[in-house]
Amino acid sequence: MDDETTTAAVVDALLEVAPELSDGDLAFDEPIREQADLDSMDWLSFLTGIKKRLGVDVPEEDYAKLRTVADVVRYAQEIRR
């Protein structure tokens, strides 16, 4: 899966949890939780969306690695290799 496809899946998962955002408003290098004002349940819903779309299950010990959209895309691509 290429960068573009992975990025689209991550953005779709985020917009499903935070529909008030638009992909044009989303900064890929800014913290996701701050941009989308995600609480812990929203965060888990986002990660569930990542698993559903990309087949990537993120263990709790890796949550801190996933601060930005770019981080999530890199993480998903590394896991899928």
Side-chain angles (χ1 to χ4, degrees):
M1 190 173 281
D2 64 13
D3 285 353
E4 202 171 295
T5 305
T6 304
T7 299
V10 170
V11 170
D12 286 347
L14 181 57
L15 295 178
E16 185 174 294
V17 176
E20 69 279 0
L21 289 177
S22 72
D23 57 353
D25 296 334
L26 195 57
F28 289 8
D29 59 348
E30 297 291 325
I32 295 170
R33 292 183 82 162
E34 293 173 15
Q35 291 185 77
D37 194 29
L38 300 181
D39 62 21
S40 58
M41 289 305 294
D42 292 333
W43 180 251
L44 291 175
S45 294
F46 169 61
L47 295 178
T48 299
I50 297 297
K51 182 176 182 179
K52 182 174 101 179
R53 287 170 175 78
L54 298 172
V56 174
D57 191 17
V58 181
E60 190 172 346
E61 61 266 13
D62 287 347
Y63 290 2
K65 297 177 185 178
L66 308 178
R67 295 185 35 81
T68 68
V69 170
D71 293 339
V72 177
V73 170
R74 269 191 304 276
Y75 182 89
Q77 288 181 322
E78 288 173 12
I79 295 297
R80 293 181 55 100
R81 288 184 192 173

Non-hydrogen atoms of Ala13 and Gly49 that approach each other most closely: CB-C, 3.9 Å
Considering only heavy atoms from C-beta outward, does the side chain of Ile32 approach that of Val69 to under 4.5 Å? yes
Which residue pairs pass the side chain to side chain donor-acceptor pair (under 3.5 Å) test when at least one of the two sits in residues 54-72, sequence neighbours left out? Asp62-Lys65, Asp62-Tyr75, Thr68-Asp71, Asp71-Arg74
Apply side-chain contact (heavy atoms from CB on, under 4.5 Å) to Ala8 and list each qualifying residue two or more places apart in sequence or on a separate chain. none
Stepwise, does the side chain to side chain contact (heavy atoms under 4.5 Å, CB included) test hold for Ile50 with Leu66? CA-CA 12 Å; Ile50 297 297; Leu66 308 178; over 6 Å; no
Quick one, Val56 and Arg80 - any side-chain contact, counting heavy atoms below 4.5 Å? yes
Does any pair with a residue in residues 9-22 pass salt bridge (Lys or Arg N to Asp or Glu O under 4.0 Å), and if so which ones, sequence neighbours excluded? Glu16-Arg53
Show me, pair by pair, the donor-acceptor contacts under 3.5 angstrom made by side chains of residues 40-48, not counting sequence neighbours?
residue : atom : partner : partner atom : Å
Asp42   : OD2  : Asp39   : N            : 3.4
Ser45   : OG   : Met41   : O            : 3.1
Thr48   : OG1  : Leu44   : O            : 2.9

Kindly state each residue pair satisfying side chain to side chain donor-acceptor pair (under 3.5 Å) with at least one member in residues 28-37, sequence neighbours excluded. none
Is Thr7 close to Phe28 at the side-chain level, that is, under 4.5 Å between some pair of heavy atoms? yes
